[in-house]
Amino acid sequence: MRDRQYRELERAQRRRLWLSVWLPFAIVLAIAVVFVGIALSLKSPAQVAILSNSMLTALLLCPLAIIMFPLTILSFALVALASRWWTKSRSPLRRLEAWTALMEDNVEAWLGQVDERVLNWTVRLAPVRELLLAFEPPEANTPDEGEQ
């Protein structure tokens, strides 16, 4: 049951990774390749100047494109590393989860035994407590100083 849930979570994570990292990276890379291809295919320097001026204008009007491309590459690398670390840490985390559940069961059993022993000793020592209370001085029923 858990393996099925993990597989479904992995599939959803891969889908989100594709939509949020791979697709924008591929689009920006394709646009860059198209512009380089167009610049290489142009024959006259005037056409190349027009293309470069329009690209420069677009990049100056949209500075986010300049900032986001390296960040997209960086996030792609980080996601790839995190994905690799996650697959490596999955098995030890499952073992830790199983060990924690086992320790919880052991502690609950031990506390149950402690509760049972405390209750048994309380029952056994009840007559001794009554005997000790027999020698206590009786409480005086005197009114408080403020009351009359």
Side-chain angles (χ1 to χ4, degrees), residues 1-137 139 144 146:
M1 183 74 168
R2 280 191 166 174
D3 289 335
R4 183 177 177 192
Q5 290 174 343
Y6 284 123
R7 275 187 266 128
E8 289 175 7
L9 286 174
E10 276 184 45
R11 210 172 301 133
Q13 182 182 6
R14 272 188 254 124
R15 193 175 309 120
R16 284 192 307 267
L17 177 69
W18 170 255
L19 290 175
S20 64
V21 175
W22 285 99
L23 191 59
F25 178 74
I27 289 171
V28 170
L29 191 63
I31 290 171
V33 167
V34 166
F35 279 126
V36 168
I38 290 172
L40 290 176
S41 68
L42 295 176
K43 305 243 187 259
S44 74
Q47 291 173 334
V48 174
I50 291 172
L51 179 67
S52 65
N53 287 340
S54 62
M55 284 178 53
L56 183 63
T57 303
L59 290 177
L60 287 176
L61 292 176
C62 257
L64 210 65
I66 296 171
I67 295 169
M68 290 308 289
F69 186 68
L71 290 179
T72 303
I73 293 173
L74 178 65
S75 66
F76 169 70
L78 290 176
V79 166
L81 287 173
S83 176
R84 192 167 52 176
W85 292 334
W86 182 75
T87 55
K88 287 182 180 180
S89 68
R90 185 173 39 191
S91 178
L93 287 176
R94 285 187 183 166
R95 284 196 307 262
L96 178 65
E97 185 179 274
W99 181 77
T100 304
L102 177 69
M103 288 299 111
E104 179 186 8
D105 293 340
N106 289 344
V107 167
E108 283 181 8
W110 181 76
L111 287 176
Q113 291 174 356
V114 168
D115 285 345
E116 186 177 323
R117 289 186 182 181
V118 166
L119 185 62
N120 286 340
W121 277 102
T122 302
V123 169
R124 288 180 185 170
L125 293 176
V128 173
R129 185 170 185 260
E130 287 179 14
L131 182 66
L132 291 175
L133 289 177
F135 296 107
E136 289 286 321
E139 291 183 19
D144 289 340

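The first residue of the sequence shown is numbered 1, and numbering continues consecutively from there. Computed over heavy atoms, backbone and side chain alike; hydrogens, waters and symmetry mates excluded.
- Qualifying side chain to side chain contact (heavy atoms under 4.5 Å, CB included) partners for Leu23, counting only residues two or more places apart in sequence or in other chains: Trp18, Leu19, Ile27.
- To the nearest 0.5 Å, the span separating CG on Leu96 from OG on Ser91 amounts to 11.0 Å.
- Met103 CE to Glu108 CD: the interatomic distance, rounded to the nearest 0.5 Å, is 12.5 Å.
- Atom CD1 of Ile50 sits about 8.0 Å away from atom CG of Asn53, to the nearest 0.5 Å.
- You'll find the side chain of Leu81 reaches within 4.5 Å of the side chain of Arg84, heavy atoms only.
- In this structure, OG1 on Thr72 lies 11.0 Å from CG on Leu29, to the nearest 0.5 angstrom.
- A distance of 10.5 Å separates CG in Leu119 from CZ in Arg124, rounded to the nearest 0.5 Å.
- Between Phe76 and Trp22, the ring planes are perpendicular. Angles over 60° get that label, and only those under 30° would be called parallel.
- One distance of note links CZ of Arg15 with OG of Ser20; it measures 12.5 Å at 0.5 Å rounding.
- Under the 4.5 Å side-chain criterion, counting only non-hydrogen atoms from C-beta, Glu116 is in contact with Asn120.
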